[in-house]
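Notes follow the structure.
Side-chain atoms are counted along with the backbone in the values below, which use heavy atoms only and exclude waters and symmetry mates. Chain letters run A, B, ... following the sequence lines, proteins first and then strands; every chain starts at 1.
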Amino acid sequence: MHSVSVKNVSLNFGAASVLKNMNLDVEEGEFIVLLGPSGCGKSTLLNCLAGLLELSEGQIFIKGKNVTWVEPSERGIGMVFQSYALYPQMTVRGNLSFGLKIAGLPKDEVDRRVARAAEILQIGPLLDRKPGALSGGQRQRVAIGRALVRDVDVFLFDEPLSNLDAKLRSELRVEIKRLHTRLNNTMVYVTHDQIEALTLADRIAVMKGGVIQQLADPQTIYNKPSNLFVAGFIGSPSMNFLSGKTIEGGRAFQFGDTRIDLAGYDGGAVLERDQAILGVRPEHISVSHEAPSGPSIPAVVEIDENLGADSLVWLMCGTKEICVRVPVEGRLPAGTQVHLALDIHKASLFDAKTEQRI
Amino acid sequence: MAMSSAVAIDPSGAKPKPLFAPGRVLIYSLLIVTSIYYLVPLYVMIITSLKDLDQIREGNIFIPTLKPSFDAWVKAWSQACTGLNCTGLAPGFWNSVFITVPSVIVSIAVASISGYSLAMWPFKLAEWCFTILLVGSFIPYQVFLYPLVIITREMGIYSTLYAVIFVHTVFGLPILTLLFRNYFASLPNELFKAARVDGAGYWRIFFRVLAPMSLPIFTVAVILQVTGIWNDFLFGVIYAGPTNYPMTVQLNNIVNSLQGVKEYNVEMAATILTGLVPLTIYFLSGKYFVRGIAAGAVKG
């Protein structure tokens, strides 16, 4: 039985179609991340799961129960919002217990759950403060606590870390991961931050235009993006895209005057295509001063950015700009003539017309 | 200080201006003139109300009296005559209280809940309702005067306090509903969503979550309604009936009374007494008033 099941869900706001015939099954205890640029429908989908938006079509199941028309509070979900959404006039304790009191839980049960959430999130000393007296990170902990006390199977996170500064964000990210390991709840997490997605997710659903572009584990998403959009969206800096065509019955790729051998390509039948795009991540290109024995692409160094752990080298290959991630030793001054060798095994080849991975 | 160089470096930017820069002088003189323009009449009213008629006849309206007396105030409150009734303003004051209190409470209660519904619970005809309210707030009162006479007559309340209360409540609704709608629309929507996930329903979200955050807008609404209804003359004259006239109408009757001697001191005292309620409200809540107007205006 799936923990959360989205079946043929569509949502229209007037003429605008925000979700298009969406299907998604989330396993018990799975951490799934909905990732995409603004306006891709990821938050909308989450709001539909929570019951805060009415579907135009389709059905939603939580723990096998059809909850399409069920009130948010009856769905067995807890939700954490980007703006924390704490009730400003109530203390932290009041915020945590508000829903429980509405549900009519006995007082000792309410106290027990609040104490447990406070212990897990280490917010015990804050219980009698008002949200206004808390820092951003503390507020978000309380917001997570409010979902926690509900003792639910499914947690919904709507960009919970976007309002925090970079340092707190990475701290709370680890904490959410730890929370998931400890509670083993199903978690659906919306973000536009690919680092959050790659680090937290068991599976990532990359969305664009109300459609899931690819649903897979982070490794697959990163290494074998199913189309050009996913390939370009994931990874920073972006994947390098070389436009050309496949020749010799699919054994090689022609980029400008350079022939790149496709032996070892990890994908489907390449065939001969007039318009194809070869995508290679910056860390899958190596730079050498002398031409290697195999085929290589000549390029000229433009900028060498030192990032500390490694450096990003921006090169011009004809009129095409290429980014390469290299170890930091041996800096490359601008204007240096170098040769690039591509790791074809880790590259992705796309049909330029369908934009799908081959 | 490792820097041994003694060269003085001027701080960048302009030096703060002295208190009596030409621009400042202009602003302050303008403000002072405006204040005088508004305060002098009040000053004249207060000192005149403290004089007796002989002192008034001396004609020095700007010179305060050496023997101030509150006789005129007492007379205005309890003895001044309107026609044959010599009851002073007191009955009018109580009529105004009986009109203002229920009208303010009912109109704010209804408008806050309607505004909350419009802002937070979008329904099919919400846009239409919004438009109707918008139009409603701009229709001149005069258009409704006669129809409302008939309506209140058919309701059997014409010429009673209930009629005035009813009319004030109805006329307060459009503008107040818009005020509340805009305020609630400016509150973070995620708060509303969080409350729904917590299982709070329509009323609980309003009373437990949103209303406690809305003190500024409730204050604005109270000020608008209390001053508006207290200062009203037209509806009081038309719908209340002679025995239920509010304070403003009685003030008018006292001041415009053509019989006997013109008692300027009593008239001044009566006028100040009538204006005292809105004046007090403004003084006590001016800060909230400005804050609330701004808060409601952030988002349309």
Proximity of residues 43-64 of chain A to chain B, residues having a non-hydrogen atom under 4.5 angstrom: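 Listed by number, the contacting residues are A/N47, A/G51, A/L52.
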
Does [X], at its [atom1] atom, have more than 12 non-hydrogen atoms belonging to other residues, nucleotides or ligands within less than 6.0 Å?
X: B/Y38; atom1: OH; answer: no
X: B/Y162; atom1: OH; answer: no
X: B/W94; atom1: CH2; answer: no
X: B/E127; atom1: CD; answer: no
X: B/F123; atom1: CZ; answer: yes
X: B/F233; atom1: CZ; answer: yes

Proximal component of A/I77, with respect to chain B [non-hydrogen, under 4.5 Å]: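 Both the backbone and the side chain of A/I77 come within 4.5 Å of chain B.
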
Those residues of residues 197-213 of chain B, ordered by number, that approach chain A below 4.5 Å (heavy atom to heavy atom):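 So far as heavy atoms go, B/V197, B/D198, B/G199, B/A200, B/R204, B/R208, B/V209, B/P212, B/M213 are the residues that approach chain A to under 4.5 Å.
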
Pair listing, salt bridge (charged side-chain N to carboxylate O under 4.0 Å, His left out) test, anchored in residues 38-47 of chain A, at least two apart: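 For residues 38-47 of chain A: A/K42-A/E159.
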
Sequence neighbours excluded - salt bridge (charged side-chain N to carboxylate O under 4.0 Å, His left out) pairs with any residue from residues 75-100 of chain A: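 Salt bridge (charged side-chain N to carboxylate O under 4.0 Å, His left out) check on residues 75-100 of chain A returns A/R93-A/D128.
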
Which atom of B/A194 lies closest to which atom of A/A85, heavy atoms considered: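 Smallest heavy-atom distance, with atoms named: CB-O, 3.9 Å.
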
Heavy-atom side-chain contact between B/L191 and A/P88 under 4.5 Å: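 They are in side-chain contact.
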
Step-by-step side-chain contact (heavy atoms from CB on, under 4.5 Å) determination, A/Q82 to B/E190: CA-CA 8 Å; A/Q82 178 178 357; B/E190 291 195 337; 4.1 Å; yes

